[in-house]
Structures are given as structure tokens and as C-alpha cells.
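Down below is the structure, laid out as C-alpha cells.
Please read these numbers as outputs of a predicted model, since none were measured by experiment. Note: hydrogens, waters and symmetry copies are ignored here, and every other heavy atom, side chains too, is used. Just so it is clear: chains get the letters A, B, ... in the order the sequence lines come, proteins before strands, and each one is counted from 1.
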2 protein chains.
Amino acid sequence: MGARPLQDDDAPAAACSIARSLDIVGDRWSILILRDAFRGLRRFDQIRRDLDIPKAVLADRLRKLVEAGVLARHRYQDHPPRHEYRLTAMGRELSPILVALMQWGDRWLSENGPPTVLVHEPCGTEVRMALHCTTCGEDFPPTAITSRPGPGAAALRPPTEST
Amino acid sequence: MGARPLQDDDAPAAACSIARSLDIVGDRWSILILRDAFRGLRRFDQIRRDLDIPKAVLADRLRKLVEAGVLARHRYQDHPPRHEYRLTAMGRELSPILVALMQWGDRWLSENGPPTVLVHEPCGTEVRMALHCTTCGEDFPPTAITSRPGPGAAALRPPTEST
DNA sequence: CTAGCTCGGTTCGGAATTCGAACCAAGCAT
DNA sequence: ATGCTTGGTTCGAATTCCGAACCGAGCTAG
């Protein structure tokens with residue numbers, strides 16, 4: 001996106017979308033920064049104060065997130081040129097990850113019930129996320145999942161090796 | 001280490017389930033280890049080879065994941081006492097997080113389509129995860145979410161502050 | 001019986017990251 | 001002119017990560 005100069009680990013960073021995603025958001029601070037972005041925080045200092053993160057680390061993470069394309073830097077004032085960081089479409093689509101993290105924490109780590117509840121605005125009731133089958137139209141437990149290679153698996157396996 | 005002596009940041013580690021979850025899985029290796037666990041890898045050396053992770057780091061992460069309760073150590077052989085690591089119920093429920101990471105990577109980071117596809121076994125079709133409203137019964141975009149304090153928010157806010 | 005192999009680690013020293021504190025710069029307010 | 005705010009950068013110290021070596025219990029081949 002930004003201009004990533006074609007990293008060392010070439011074409012397919014990893015044959016796994018989870019690993020690829022983690023290259024971008026697989027870091028405690030990055031996720032927390034994105035959480036703040038979803039909560040509407042956009043300015044360097046807002047985020048810094050909220051997370052109590054060292055400035056150097058915040059600057060570094062923001063730069064990387066912008067480079068990756070999940071945040072965009074917008075000039076919101078000219079004279080002392082100031083920028084704020086906003087979620088891009090790519091960034092907004094990270095929400096299922098955050099919601100999943102939140103739900104899991106709610107369920108297993110919150111003695112007194114969830115500290116925050118997400119609400120589906122149009123109807124005002126609570127959001128829940130579940131594994132969903134588009135064919136059945138039903139939700140199901142994690143145990144009902146299998147996997148198979150998808151289209152992107154081609155060209156990853158050197159045809160010799162087959163374990 | 002052994003028994004964590006009641007950390008400095010006392011009662012509610014953070015007023016945010018995301019932050020709490022990240023205390024456990026907010027680390028690149030931990031997530032990758034859990035992914036392997038979902039894929040059926042259970043032994044130290046299997047995982048080590050698959051991830052190409054330094055042994056010391058793997059030992060450390062496994063210990064922490066067991067401590068946290070997402071993995072359990074099972075003796076699978078007695079004489080040279082050997083153990084394997086299995087997902088607990090708590091661990092299995094992390095799957096939405098992994099699925100969300102995977103879907104996001106599929107969508108934004110996979111030029112040639114998803115390297116792996118998850119399948120809903122009973123019906124054989126592809127799994128998709130979406131934000132879902134239990135009342136409407138419909139899926140919706142991230143922009144349709146608001147939040148409000150939940151039950152666990154009590155005792156967290158000093159009653160003075162209200163921004 | 002002894003050399004080598006496997007599995008599941010631990011230990012060690014050096015390299016890379018992170019941290020907190022200090023500093024910088026541009027502009028505004030007093 | 002002094003200080004405050006925003007958005008950083010720089011620096012040395014502390015932490016964490018890495019890779020390689022080693023360990024120990026048991027098995028196996030010769």
C-alpha cells in the first residue's frame with residue numbers, strides 16, 4: 001500500500017492469512033491503537049494519553065499502520081501542520097477481530113459482566129458475533145469446522161514436496 | 001514464576017475486555033501457537049518445527065498459555081514422561097478471533113485468493129463470520145455499531161469523571 | 001556397553017525492542 | 001519572554017528475543 005519496498009520475505013509472506021494479518025496487527029499496541037480509533041480517538045496525544053504508551057512506540061506503530069493501509073493520515077489544520085489518524089475501509093473491516101477479542105474477554109475474563117456492550121444501532125440491541133454458515137443460515141460451534149486449501153494455495157507448494 | 005503473585009495492576013486488569021484478552025493472546029507467537037493447536041498440532045517439537053520458533057520462546061509461551069487456561073498439558077506417555085498441549089474449552093472459543101484474522105487476511109492480504117478455506121462440516125460449504133444482530137437476525141457493517149457501558153463497568157469509573 | 005537419536009526442555013551471551021525521560025520545533029496565549 | 005500544546009525525535013538503560021549449546025531420560029543399533 002503505502003510504498004512497501006517489496007520486503008525480504010517475498011511474494012507470499014506466509015501461506016496463512018492469519019500470519020499475514022499478524023504482520024500488521026499482531027502486536028499488543030497496534031490492536032489497542034485500533035481499538036481507540038474505533039472509539040473515535042484520532043489525535044496522537046489523545047491516543048498517547050489513553051494508552052499511556054511511550055511516544056516513540058506510538059509514532060512507530062502509527063507509521064506502520066499507515067504504511068499498511070489500515071489508518072490514513074489527514075491534515076486537520078494547516079498552520080502548525082497537524083495530522084490525525086483515521087481508519088480506512090481496510091481498517092474498519094478489522095472490527096470483527098476486535099469484537100471477537102472483546103467477546104472472548106467478556107466471556108472468560110470479566111467477573112462482573114462485560115465492561116462495555118456493543119449495540120446494533122438501528123435496532124438498539126446487543127451485537128453478537130458467531131461463526132455462521134451462509135448455506136444453512138445457522139450459527140455453529142468451532143468444532144464443526146474443517147479446512148481445505150483455497151485458490152491462493154496454488155504456487156505455494158513446490159510441486160516436489162507433498163507432506 | 002509458578003503462581004503469579006497478584007500483579008501490580010490489581011483487580012480489573014483493564015476496563016476493557018480487548019485489553020484483557022490481549023494480556024493472554026496479544027502476542028504474535030501465542031496466536032500462531034493457537035492456530036497450530038486448532039490445526040491439530042499438540043507436541044512441542046511439532047509446533048517448534050512448524051513455526052520455526054526458538055525453543056525457549058515456545059516453552060515460555062506454552063507455559064503462559066497453560067497458566068492462562070487456554071491450553072492444558074496432558075501426559076501422553078509415562079516413561080520418559082511426555083506431555084502434549086491441548087486446547088481447553090476456553091481455548092476453543094478463541095476460534096472466532098482466529099477466523100476473523102483469517103478472513104481479514106484473505107480479503108486484504110491475499111492476492112490470489114485465500115490460501116485456506118474453512119468449511120462448515122455438516123453441510124460442506126464455506127464458513128463466513130459476520131457481525132450479527134440477534135434481534136434482527138441480520139448481519140451488518142461495522143459502522144452500525146455503538147457502544148454503551150455494561151454491567152462490568154460499575155466500580156471502574158470514579159463517579160466524578162463523566163466524559 | 002556405548003554411540004547416536006528423539007523429545008522436551010534449560011541456559012547463556014549477544015542482538016533487537018521497548019521503555020521513560022529529555023529534548024526539539026512551530027505556533028498560540030499571557 | 002515565558003510558558004503551554006501538539007507531534008514528534010533522540011538517547012541510554014532495561015527488557016525481551018534469538019540461536020546455539022547443553023542436559024537428561026529413554027530408546028535403538030552395532
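Each of B:R82 and A:V57 lies near DNA chain C, and the nucleotide nearest B:R82 is the one positioned closer to the 5' end. Nearest-nucleotide mapping onto DNA chain C: of B:A56 and A:P81, the residue sitting toward the 5' end is B:A56.
In this structure, B:L51 atom CG and D:dC18 atom C1' are separated by 15 Å, rounded to whole Å. Straight-line distance from the CD atom of A:Q77 to the C1' atom of D:dT6: 8 Å, rounded to whole Å. Here the C1' atom of nucleotide D:dG7 and the CG atom of A:L41 are 16 Å apart, to the nearest Å. As a whole-Å value, the separation of B:R75 CZ from D:dA25 P is 15 Å. Distance, A:D27 CG to C:dT17 P: 12 Å, rounded to whole Å. Atom-to-atom, CD1 of B:I53 to P of D:dT16 comes out at 16 Å; the value is rounded to the nearest Å. The nearest whole Å value for the distance from the CZ atom in B:R63 to the P atom in D:dC17 is 11 Å. A straight line from CZ of A:R48 to P of C:dG20 spans 11 Å, rounded to a whole angstrom.
The two residues B:G105 and A:S17 come nearest to each other via the heavy atoms C-OG, 3.7 Å. Taking every heavy atom of both residues into account, A:W104 and B:M90 meet most closely at NE1-O, 3.0 Å.
As judged by a 4.0 angstrom heavy-atom cut-off over every strand, B:R28 is placed among residues making no nucleic acid contact. Contacts of A:R43 with the nucleic acid, taken as non-hydrogen atoms under 4.0 Å apart, involve only primed sugar atoms and P, OP1 or OP2.
Among the nucleotides C:dG8, D:dC17, C:dG9, the one closest to any side-chain atom of B:A59 is C:dG9. Of the candidate nucleotides D:dC17, C:dA22, C:dG9, C:dA22 has the atom lying nearest to any side-chain atom of A:K55.
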Test ring pair (Phe, Tyr, Trp, His ring centres under 6.0 Å) applied to A:F140 and B:H120, step by step: CA-CA 8 Å; A:F140 54 87; B:H120 180 213; 4.1 Å; yes
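Side chains of B:Y85 and B:R43: no donor on one and acceptor on the other come within 3.5 Å.
Within the structure, a side-chain polar atom (N or O) of B:R61 is placed less than 4.0 Å from OP1 or OP2 of D:dC17. Contact between the side-chain N/O atoms of A:R73 and the OP1/OP2 oxygens of D:dG8 is found at a separation under 4.0 Å. Between B:Y85 and C:dC7 there is no side-chain N or O to OP1 or OP2 distance below 4.0 Å. Contact annotation: B:W29 side-chain N/O to D:dC18 OP1/OP2 distance is under 4.0 Å.
Using cut-offs of 30° and 60° on the angle between ring planes, the pair B:H132 and A:H132 is tilted.
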